[in-house]
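Some notes on the structure that comes next.
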Amino acid sequence: MLNELLEKLNEISQMVEKDFAEAKNPADIEAAKVKFTGRNGSITALAPMMGKIAKEDKPAAGKAFNEVKALVAKCMEEAKDRLDDGTAGGEAVDVTLPGRKWTMGTQHPVSRTIDECCAIFRRMGFTVAAGPEIDTVANCFDKLNAPLDHPSRDPKDTFYFDDGRLMRTQTSTVQIRTMLDQKPPIRIVSPGRCFRRDTPDATHGVHFHQIEGLYVDKNVSLADLKSTLKAFANEFFGEGVSIRMRPHFFPFTEPSAECDFSCVMCGGKGCRVCKNSGWLEILGCGMVNPNVLRNVGIDPEEWQGFAFGMGIERLAMLKYRIGDLRLFSENDLRFLKQF
Ligand code: DAH
């Protein structure tokens with residue numbers, strides 16, 4: 001029995017040497033290894049013979065097994081070294097080639113603008129809050145005091161899910177979420193993506209970014225709102241920028257206003273960008289409507305607040321002189337690498 005085993009192992013040894021010597025690539029090496037020591041390999045298949053070997057012959061048989069396994073390991077190493085040398089035309093390494101250069105990515109202009117805005121408001125004592133892009137009708141419209149016939153609720157303008165939830169049309173949802181979560185005083189800004197059923201063109205997209213601001217405290221006035229916005233305008237666009245507020249309507253603020261910045265392109269003299277008016281429409285704002293405070297369980301007799309919301313892409317387009325909104329989402333590296 002022992003002789004028979006030794007003979008078989010001897011035959012296998014010769015095949016081991018031959019197969020590994022002829023291996024031309026890593027796949028050949030792997031195949032040879034499986035052929036001999038894999039689950040169905042020829043050496044593995046001989047293992048049961050050990051049981052039939054006489055007791056006194058077992059040490060010799062064990063030694064022969066170990067030798068052939070060691071031979072497999074040795075031949076495999078040699079074959080790998082040979083391929084690494086490049087002599088067999090396998091995966092050669094040319095150490096004279098110049099190294100591959102890893103280039104650093106750049107920040108997307110939208111992310112950069114969000115960071116700049118958040119940094120400015122943080123310095124004024126605001127913290128940054130986040131909310132989900134899918135939200136409820138309650139958070140997006142009802143609690144924000146939007147009348148049932150408000151055009152923004154129309155399915156022609158808003159993406160609804162079958163379960164009644166929607167893709168938020170404004171970051172104002174985070175006002176509600178924050179006030180339901182925290183007790184005043186509250187001072188947050190919340191940047192994020194919004195969605196509307198618009199036909200994409202140079203200034204409209206189905207998704208865009210806004211940054212929302214909310215300040216609820218005792219004795220908050222319109223003067224606080226105006227000075228906060230003026231400070232932001234000067235930090236973001238530069239000292240020379242002035243602001244003006246025009247009466248407007250938003251359901252969640254009373255009084256409401258639109259806030260214009262003096263044109264950052266022409267300094268207010270009048271140009272194509274500001275349509276010769278000298279002013280750029282930048283954001284919506286106002287004093288938080290008492291109904292909104294009541295909707296989230298805050299007593300409007302005790303607390304007042306201001307809120308504002310502005311478009312990030314609009315800010316970025318003006319600051320970085322970008323002419324078309326679509327550039328932000330086209331992923332053209334020639335555009336993105338400039339930031
Ligand atoms: N949510 C408004 C919009 O999408 C922007 C806005 C206006 C936000 C007034 C506010 C605000 O917080 O007070 O057009």
Side-chain angles (χ1 to χ4, degrees), residues 114 117-118 121 124 126 128-133 135-147 150-154 157-159 166-180 184 186-198 203-217 220-229 232-233 243-261 280-293 295-296 298 300 303-315 325:
I114 288 175
C117 292
C118 288
F121 285 114
M124 291 195 255
F126 288 79
V128 177
E133 290 169 356
D135 214 323
T136 58
V137 173
N139 288 343
C140 198
F141 297 127
D142 300 344
K143 288 198 161 59
L144 282 164
N145 199 40
H150 196 272
S152 61
R153 289 184 183 252
D154 195 315
D157 294 317
T158 300
F159 296 106
L166 45 72
M167 302 300 291
R168 67 174 176 193
T169 58
Q170 49 187 357
T171 43
S172 307
T173 50
V174 187
Q175 287 190 30
I176 300 300
R177 290 178 162 268
T178 306
M179 289 190 285
L180 287 172
I186 290 169
R187 213 185 296 179
I188 56 123
V189 287
S190 185
R193 207 140 67 117
C194 306
F195 306 81
R196 288 182 197 176
R197 283 198 153 181
D198 266 325
T203 53
H204 297 84
V206 286
H207 64 93
F208 57 95
H209 296 74
Q210 287 186 336
I211 184 163
E212 188 81 12
L214 173 70
Y215 181 22
V216 182
D217 206 334
V220 179
S221 75
L222 204 66
D224 298 313
L225 169 60
K226 192 167 182 185
S227 56
T228 301
L229 296 176
F232 171 78
I243 71 167
R244 73 174 185 189
M245 286 161 91
R246 283 178 290 107
H248 197 75
F249 172 80
F250 294 107
F252 27 86
T253 40
E254 184 59 37
S256 303
E258 274 194 327
C259 181
D260 302 336
F261 291 4
L280 299 164
E281 206 180 293
I282 300 286
L283 60 97
C285 60
M287 302 306 292
V288 179
N289 191 312
N291 288 340
V292 173
L293 294 175
N295 288 344
V296 293
I298 294 177
W303 304 95
Q304 303 83 47
F306 68 66
F308 58 86
M310 54 190 155
I312 297 287
E313 281 85 350
R314 174 128 170 93
L315 292 174
L325 185 78

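Atoms within a ligand are numbered from 1 in the order they appear, just like the ligands themselves. Heavy atoms only: backbone and side chains are in, while hydrogens, waters and symmetry mates are out.
The closest side-chain heavy-atom distance from Glu258 to Met245 is not below 4.5 Å.
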**OP:** For Arg246 and Asp260, run salt bridge (charged side-chain N to carboxylate O under 4.0 Å, His left out): C-alpha distance rounded to whole Å, both residues' side-chain angles, the deciding distance at 0.1 Å, then the answer.
**Re:** CA-CA 8 Å; Arg246 283 178 290 107; Asp260 302 336; 2.8 Å; yes
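If you check which protein heavy atom lies closest to atom 12 (O) of ligand 1, you get Glu212 OE2, 2.6 Å. Atom 11 (C) of ligand 1 has its closest protein heavy atom at Phe252 CE1, 3.4 Å. For atom 1 (N) of ligand 1, the nearest protein heavy atom (residue, atom name, distance) is Gln170 OE1, 2.7 Å. Scanning all protein heavy atoms for the shortest distance to atom 8 (C) of ligand 1 gives Gly309 N, 3.3 Å.
Ring to ring, Tyr215 and Phe121 are not that close: their centroids are 6.0 angstrom or more apart.
Under 3.5 Å, the side chains of His209 and Arg193 contain no donor-acceptor pair of N or O atoms. When only modelled atom types and interatomic distance are considered, Ser172 and Glu212 share a side-chain donor-acceptor pair under 3.5 Å.
When heavy-atom distances to ligand 1 are checked against a 4.0 Å cut-off, Arg196 comes that close only through its side chain, counted from C-beta outward. Contacts with ligand 1 closer than 4.0 Å are made by side-chain heavy atoms of Gln175 only, the backbone lying farther away. Under 4.0 Å from ligand 1, the heavy atoms of Phe308 that appear belong solely to its backbone. With a 4.0 Å cut-off on non-hydrogen atoms, Ala307 touches ligand 1 through its backbone as well as its side chain.
Exactly one of Asp142, Thr158, Thr169 qualifies for a side-chain hydrogen bond (donor to acceptor under 3.5 Å, both in side chains) with Arg153. That residue is Asp142.
Annotation for ligand 1: atoms under 4.0 Å from non-hydrogen atoms of Ser172 are 1 (N), 8 (C). For ligand 1, the atoms lying closer than 4.0 Å to a non-hydrogen atom of Phe250 are 7 (C), 9 (C). Near Gln210, with a cut-off below 4.0 Å to any heavy atom, the atoms of ligand 1 are 3 (C), 4 (O).
Looking at every heavy atom in both residues, Leu293 comes nearest to Trp303 through CD1-O, 3.6 Å.
An N or O contact shorter than 3.5 Å is missing between Thr169 and ligand 1 by distance. Checking only distances, Gly213 never comes within under 3.5 Å of ligand 1, N or O to N or O.
In this structure, Arg197 does not pair ionically with Asp154, as no charged nitrogen and carboxylate oxygen lie closer than 4.0 Å.
Aromatic ring pairs are classed by plane angle as parallel below 30°, tilted from 30° to 60° and perpendicular above 60°; the pair His207 and Phe195 is tilted.
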